[in-house]
Amino acid sequence: MLKKYAVFFFIFAVLLAFVTGCTNSEESSNSQVREEGTDNSAKTEKKSITLLYSFASKTIDPHQDFMGVRAGIAETLVKIDQNLEIQPWLAESWQQIDEKTWTFTIRDGVTFHDGTIVDGEAVEASFERVLEVNDAIAANLKIETMEASGQDITFMTTEEYPSFLSELVHTNTSVIKIDVENISEKPIATGAFQVVDFTAEAEIKVEKYDDYWDGPANLDEVTIKFNSDGNVRALALQSGEADIAYHLPPEALAPIESSDNLRVESVSSLRAHFILYNANKPALQDVRVRRALDLLINRPVAVSEIMNGHATSANGPFNRDFAFASDEEPKQYDPVQAEVLLKEAGYERNAEGMFEKGGTVLELTLATYQGRPELPLMAQYLQAEASSLGIKINIVTVENIDSYLWEQQDEWDLVTYSVLTAPRGDGGYFLNVAYLPEGSLNPGQIDIPELNEITKQLNVTADLENRVVLQKNAVDIIQEELPQSFILHPHIIVGVNERVKNWTPGAEEYYLITNQMDVE
Amino acid sequence: MQRVLSIIGSRCLQLVIMVLVLSFVTFLLMKVTPGDPIRALLKVDDVVVTTAEEERLMKEYGFDQPIFVQYKEWILNVVQLDLGESIIAKRPVFDMIMSRLPATIALSIGGLVALFLISVPIGILGAVYEGRWPDYLSRWIALVGASIPSFWLGLLLIYFFSLKLNILPVMGKGTFAHYILPSITLGVAMAPMYIRLLRERLISTLQSSYIEAAKTRGLRKERILFFHALRGSLIPLVTMFGLSIGSLLGGITVIEILFSWPGMGELIVQAVMQRDYPVIQGYILIVGFLVVITNLVVDLTYLVINPQIKQGKELG
């Protein structure tokens, strides 16, 4: 009797759980139907899409977070276009008066989301705020004084600073209205969309701003959601919960590629994955050893096997679409030549087949980190290639790579690393931070006098053509001296529902939501 | 009543001691492990900065001070109910945590409901059919539940219910339907311990003398099971809940991140990655507070479930 009741109780509980589950799901599917219903009936008036992004925003203060520009809320004075060249945006034109003085003319008819007009003074106020709240931007822009007059804003920099223009592409230099409450959740700016609601680290809802200076957006509403799990992003795209899903893992693409109503966009990013050599280590101070290691990198195999084809082989630090990138083909895999170079450098094979010099085996510590899952794979791949040639590589995986590289400089010989090498359409940034001895991204203590000279010259060269020539020279030296071995430029992989029109992802990843994008 | 007051008093004392010890240990650990917020802050922005500039910022934020000085500063502010400001987001830590806390608590409750619906029937089944196939089935369910990683279970649930059946949303928070998948994931992750514990306790309670007495008095077996045995067997489960509230709040992080649940999960994971000390410390403080409060509630619940304790007797 007791057992019978226990069984009944169990079945009842399971049924109860199931029924509540079903009712809820019915409710939800009903509500979905209802939503769709309202969508259908109101299709002529409400067009909306959902974009799914990987890095969550804690704040959407455009002076602190990239989402201000990404979500189409805020805009900068200048932007970079598909060809990665600088174009007018809020500023219709600009003029360099002298080495330190720049005047920008703001377009007529630009208004903030509350209707107030954007003039030189409003821009000045916005810049005053960013210099106050964002230390990194303040250090980077080097603004000494500003002066507004009518639609003009004049910046005087503390030093000769030709790349000032390209630094204004930085999304944190957006022009926003400053005398408003709650900028971190509801910034008022000039973009095609204005904020309706923001839940930190979860979602942003924006709606069309009717008086947008470049013509009102085709879409009425956009929802941007964050999810840091690549597989969930892929599932959300397939279930129709998202129309655009960023940064999909290559292994999750098959069902999206085979679907009739979804497509995969894969664009070369401005990022480079590379091996950085520690210039303090005696073995690696010999350029022949660095070259030998470089010859062990099989770039086409890394692209096809590790990146599933979603990458481009690198021939230097910069995306090959840039005018200032190298024209040479990426280096070929050549273990035979690597062996020749090692022997030239004085290494001989010992009884175990390992290379040694003066009784010391060539043994290197390769640091890597999980932040980008492909980097440890590249480390293992290099380890295997080196081992078959006769170089022992020990891999260490660290959690916080930047701190490790700086604080344990004696411990590592090489590291798999990844940097946005030209985030604002100019290579000056990377040349300064990664190669100058005082650069903040130079834990390997690279110091190549010839290269430092060019970088310093670049820092005082305004003419764009001359800048291209100087940057090309810098790339040539880098490829000759090999302070790093550039492997590939990973692609930005985006899954898109076919109903989204007039939209492709850009290499810069700044302008995700535009007034042009539309849905069927 | 005296008993209630003494429980509250001892818990408050415990709270103060725990907060001091916990906050100091985390403070120490965070400073010892590699990583600093200044580099994270600058890296976020991808701008040209020199190492000299980094050092200037380290100074400005006081990170060059000895650790005891930094801790003293922090604890003095905490006493004045000021948890400081996030280094990365530049927003008050208290506001940041409080805006996420309700969602985490809501999901915890959802998880507990799922836990109850899963573990009680299966636990009862295991006890009543001790040594027979339903018992093995319950054991098997507990084993699978204990072995399956939450994130994978979550992905499987999303795959079946959102993609294949298309009846539940993939992620986010909004309608009641949004609660179902994350709650089940959380409930399944916690259930195995409770299933096993309930089964063991129920088996031994059913053999105890007062149940025998009830049987001889001719009470119906189902009444004995649900009104007498089950009530007695629930006490260790309540104790266990008090003990596992900490691990619940830890485990919920993975589920929140998977389902884009706007709770404290993403906040704390990002804060740890970026070494945003004020946020980490604030989180530890508030979670520690919650754990103590929950244990207090659990202690007081005993008084309701088992009147023996009212008379000051400890449980055997």
Side-chain angles (χ1 to χ4, degrees), chain A residues 1-3 5-7 9-10 13-14 16-17 21 24-25 27-29 31 56 58-59 61 64 133-137 139-140 167 170 172 184 199-203 225-229 231-232 235-236 238-239 241 398-400 402-404 406-408 420 423 428-429 432-433 438-440, chain B residues 33-36 39 41-43 45-54 57 60 86 88-91 96 99-100 117 120-122 124-125 128-129 134 151 155 158-159 161-163 166-173 175-177 180 221-222 225-226 257-262 266-267 270 275:
Chain A
M1 192 64 181
L2 182 67
K3 284 173 184 171
Y5 273 89
V7 171
F9 181 70
F10 178 68
V14 169
L16 187 76
N24 295 330
S25 55
E27 261 171 34
S28 78
S29 57
S31 68
K58 283 188 180 65
T59 161
D61 176 348
Q64 305 283 5
V133 300
N134 190 321
D135 298 310
I137 292 292
N140 189 38
E167 291 307 318
H170 200 297
N172 289 160
S184 62
T199 312
E201 279 141 358
E203 121 179 354
K225 292 184 181 178
F226 306 113
N227 193 302
S228 50
D229 191 295
N231 289 310
V232 175
L235 290 173
Q238 291 168 61
S239 76
E241 205 165 310
V398 291
E399 188 222 342
N400 202 312
D402 292 305
S403 302
Y404 172 81
W406 281 101
E407 284 152 29
Q408 273 114 302
L420 269 172
Y429 155 74
N432 273 283
V433 291
E438 69 273 19
S440 60
Chain B
T33 43
D36 73 73
R39 238 168 236 138
L41 179 70
L42 296 175
K43 182 130 188 180
D45 289 314
D46 288 321
V47 293
V48 182
V49 270
T50 58
T51 42
E53 183 64 26
E54 285 183 355
L57 282 172
E60 200 178 300
S86 157
I88 309 284
K90 307 271 161 70
R91 292 179 62 200
M96 286 171 79
S99 66
R100 314 294 202 293
L117 288 178
V120 172
I122 299 180
I124 292 175
L125 203 66
V128 173
Y129 286 92
F151 73 91
L155 276 177
I158 292 174
Y159 182 77
F161 289 95
S162 307
L163 194 59
N166 204 8
I167 50 172
L168 291 174
V170 177
M171 59 179 154
K173 178 175 180 281
T175 63
F176 191 82
I180 297 174
K221 280 176 182 171
E222 53 277 16
L225 175 67
F226 292 119
I257 289 175
L258 195 68
F259 289 97
S260 288
W261 192 263
E266 187 76 41
L267 176 79
Q270 276 198 23
R275 298 288 184 269

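Below, chain A is the first sequence line, B the second, and so on; all start at residue 1.
- To the nearest 0.5 Å, the span separating OG on A:Ser184 from CE on B:Met96 amounts to 9.0 Å.
- Summarising the geometry, atom CD1 belonging to A:Ile137 is positioned 4.0 Å from atom NE2 belonging to A:His170; distances are rounded to the nearest 0.5 Å.
- The main-chain N or O of B:Gly172 is never found under 3.5 Å from a side-chain atom of B:Ser260 such that the two would form a donor-acceptor pair.
- Atom CZ of residue A:Phe226 and atom OG1 of residue A:Thr199 lie 9.5 Å apart, to the nearest 0.5 angstrom.
- Taking the side chain as every heavy atom from C-beta outward, B:Glu60 and A:Asp135 approach each other to under 4.5 Å.
- In this structure, chain B has a heavy atom under 4.5 Å from the backbone of A:Val133, while its side chain stays farther away.
- When the candidates B:Val170, B:Leu155, B:Leu267 are compared by the number of heavy-atom contacts under 4.5 Å with chain A, B:Val170 comes out ahead.
- For the set B:Ile257, B:Ile158, B:Leu258, the count of heavy-atom pairs under 4.5 angstrom toward chain A peaks at B:Leu258.
- Interface remark: A:Gln238 contributes backbone and side-chain atoms alike to the contact with chain B (heavy atom separation under 4.5 Å).
- Per-residue heavy-atom pair counts under 4.5 Å with chain B were compared for A:Lys225, A:Lys58, A:Glu201, and the maximum is reached by A:Glu201.
- Contact annotation for B:Phe151: neither backbone nor side-chain heavy atoms come within less than 4.5 Å of a heavy atom of chain A.
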